[in-house]
Amino acid sequence: LSARGKAAIVGAAESDLGEVGPGFTPLDLIGQATERALDDAGLEKKDVDGLFSASAYYSMATVSAGEYLGIRPRYSDATNMGGSSFVSHLLHAAAALEAGLCEVALVTYASTQRSGGGFRGLSEPPNPYETPYGPRYPVSMYALAASRHMHEFGTTRAQLAEVAVAAREWANLNPKAFLRDDLTVEDVLASRMVSSPLSILDCCLVTDGGGALLVTSAERAKDLRKPPVYLLGAGEAHWHRNISQMPDLTVTAAADSGRWAYEMAGVGPEDVDVAMLYDAFTINPILFLEDLGFCEKGEGGTFVEGGRIAPKGELAVNTNGGGLSYNHPGMYGLLLLIEAVRQLRGECGERQVEGATVALAHGNGGVFSSQVTAVLGSANVL
Amino acid sequence: LEELKEEMSPAEAPALVYRRHLENGKLGYQRCADCSAAVFYPRVLCPVCGSGALEWRESAGRGTVYATTAVHSRNHDPRNVVLVDLDEGFRMMSRVEDVPAEEVEVGTRVRFEVRQGEEDEPVAVFVREGS
């Protein structure tokens, strides 16, 4: 199968972000984002016949969203593999469009975890092989991976901190970012330890937020309001659910998802103008830079030094400010795609990467568990 | 009739066999009779080759810390969480006891012990080799 260039994102929008206040439900935010995405695309709600969602609130995510929105889809996909789910939905939507199972797909998600009392996940039965040891989910699992990367490759806490500092510098260029003030490596190193080697400033935000994407065929996309952003390639992979089952804590399944996405897209890391790499914790982009071929295994820590992924650096990474400084509503994958779309449309104002034509969005779910990569492009790289 | 009963009666759940080992002071794991893979956590088929022929073994309980973290909380000392690579070729989550959480290092040789958990259940933990 090649889906290259056959599907396009034609609408993209966030809901209200940050702290929306008491009483709002995730479905309210899904409603906001959907209305805005439809307006962005110049489509109407009645055009939507494919619905894609995942949730930490609603066990039947698309069924709940369909009811609230008044959408009766003929194709419905509530695949949930954590924060990467929405990048997966984009791939699944492209396949459904190609198969003629729907014509306009809505991918949507929201959370009100900040207003509603903190990080939330659908409850799972206790794991008798992990629960007794009291790791704090999910930070301790990422901390274990960081400890291994430091041991094998000499990666330092200061290098991890560089990821947070770069994210903040991008956030300072994004009016919608939750945190916008100066941050230094020293600030990160001095912040409260959560699960060593990760301190509180190595961890993503806990915010309200959500978004919506509209995806349709390349043919239909041509007649809509905004320049289409084409799906060039995508891949999804998962090798483990629990951290104790991850074969090598320094290598994620992004090595597969990225390879498959590049193969379908016919591009490589050297062609990527903007890399949106799911930064739930500072260790994440370091592993993804390696597994997605931006540098060799073990060199991610060195790669991020000296502002190399910050504004005016060598590679534009997480230009919205990322999960670390812009927004992280429990599952962040949809917001990666929204920023990638805006960069390729040239809508990013101060943080715009000049002449961006290829963007990579990489979603992560669970505890480095599910990995989904999408390569997007503007019309001139089709 | 006895034969039929044998076939119909459910096997003991893998999690219960593991726990029974711990109650007897032993660290149980499985080994695939077909592909020789060491399997942990316990299950009903080999995740490497798919065979159902898993045999229970007792680990010698010697291993090496593969990854470590100290989990901080406001009102308690940090607690250690590790992944340990056992010499038989399987990995498990655990903690290293009798040493401050932050002082556990990757590469440390450790030895299995059983301690009582919060609800008096047996828990597999590790101490540093030689301690």
Side-chain angles (χ1 to χ4, degrees), chain A residues 124-157 160 190-203 238-252 281-283 287 367-368, chain B residues 13-19 22 27-29 37 39-43 47-48 64-74 76 78-86 90-97 100-108 114-126:
Chain A
E124 291 188 29
N127 176 340
Y129 311 103
E130 292 200 358
T131 309
Y133 305 107
R136 187 172 303 151
Y137 186 93
V139 57
S140 296
M141 289 67 173
Y142 289 91
L144 287 166
S147 83
R148 187 68 202 179
H149 204 272
M150 292 166 84
H151 175 79
E152 281 194 34
F153 304 116
T155 307
T156 64
R157 281 196 63 212
L160 297 177
S191 69
R192 177 171 62 84
M193 189 57 74
V194 179
S195 194
S196 65
L198 301 180
S199 70
I200 190 71
L201 291 175
D202 289 292
C203 302
H238 49 80
W239 297 343
H240 70 276
R241 173 67 183 92
N242 298 288
I243 198 68
S244 56
Q245 298 293 309
M246 185 170 176
D248 176 342
L249 263 66
T250 70
V251 181
T252 74
F281 300 93
T282 50
I283 184 64
L287 290 195
V367 290
F368 279 130
Chain B
L16 296 185
V17 180
Y18 174 69
R19 177 158 173 158
L22 287 183
L27 178 59
Y29 72 104
V39 175
F40 196 90
Y41 51 89
R43 44 195 107 180
V48 177
T64 306
V65 173
Y66 175 74
T68 184
T69 183
V71 187
H72 290 243
S73 51
R74 286 200 168 83
H76 303 281
R79 64 178 180 276
N80 174 254
V81 175
V82 290
L83 298 178
V84 175
D85 280 342
L86 278 296
F90 66 96
R91 180 178 300 159
M92 65 185 293
M93 184 176 281
S94 188
R95 63 172 175 262
V96 177
E97 299 231 323
E102 288 284 7
E103 291 178 20
V104 178
E105 291 180 356
V106 176
T108 303
V114 179
R115 299 283 166 91
Q116 296 311 119
E118 283 173 10
E119 286 155 25
D120 254 11
E121 79 283 16
V123 178
V125 304
F126 287 82

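Each chain gets a letter, A, B and so on, in the order its sequence line appears, and its residues count up from 1. Computed from a prediction, not measured in an experiment: that's the story for all the values here.
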Report task. Measure distances from B:Ala124 to the heavy atoms of chain A and classify the residue's part below 4.5 Å as side chain, backbone, both or neither. Result -> both
Report task. Determine the minimum heavy-atom distance between B:Met93 and A:Ile243, stating which atoms define it. Result -> CE-CG2, 3.6 Å
Report task. Go through the steps for B:Val71 and A:Ser140 under the test side chain to side chain contact (heavy atoms under 4.5 Å, CB included), then give the verdict. Result -> CA-CA 7 Å; B:Val71 187; A:Ser140 296; 3.5 Å; yes
Query raised in the report: Using non-hydrogen atoms only, which part of B:Glu119 is less than 4.5 Å away from chain A: side chain, backbone, both, or neither?
Result: neither
Query raised in the report: CD/A:Gln245 to OH/B:Tyr41 distance, rounded to the nearest 0.5 angstrom?
Result: 5.0 Å
Requested in this report: Give a yes or no on this: more than 12 heavy atoms of other residues, nucleotides or ligands lie within 6.0 Å of atom CD of B:Glu118.
Outcome: no
Query raised in the report: Given a strict heavy-atom distance threshold of 4.5 Å, which part of B:Val84 is in contact with chain A: side chain, backbone, both, or neither?
Result: neither
**Report entry** Minimum heavy-atom distance B:Val82-A:Leu144, with the two atoms named
**Finding:** CA-CD2, 4.3 Å
Query - B:Tyr66 portion near chain A, given a 4.5 angstrom heavy-atom threshold - result: both
Query raised in the report: Is there a donor-acceptor pair closer than 3.5 Å between any side-chain N or O of A:Arg148 and the backbone N or O of B:Val106?
Result: no
**Report entry** Pick from B:Val123, B:Leu83, B:Val65 with the largest number of heavy-atom pairs that fall under 4.5 Å of chain A
**Finding:** B:Leu83
Report task. Taking all non-hydrogen atoms of both residues into account, name the closest pair between B:Arg91 and A:Pro247 and its distance. Result -> NH1-O, 3.2 Å
Query raised in the report: Is the number of heavy atoms from other residues, nucleotides or ligands within 6.0 Å of CD (B:Glu105) greater than 12?
Result: no
Query raised in the report: Roughly how far, to the nearest 0.5 Å, is the CZ atom of B:Phe40 from the OG atom of A:Ser244?
Result: 8.0 Å
Query - B:Arg79 portion near chain A, given a 4.5 angstrom heavy-atom threshold - result: side chain
Query raised in the report: So which part of B:Arg115 gets closer than 4.5 Å to some heavy atom of chain A, the side chain, the backbone, both or neither?
Result: neither
Requested in this report: Considering non-hydrogen atoms only, spot the tightest contact between B:Thr68 and A:Ser147 and give its length.
Outcome: N-OG, 3.0 Å
Query raised in the report: So with a 6.0 Å cut-off around NE2 of A:His238, is the heavy-atom count from everything else above 12?
Result: no
Query raised in the report: Do A:Ser195 and B:Thr69 meet the criterion of a side-chain donor-acceptor pair at a distance under 3.5 Å?
Result: yes
**Report entry** Interchain contact, A:Leu198 with chain B, by part (heavy-atom threshold 4.5 Å)
**Finding:** neither
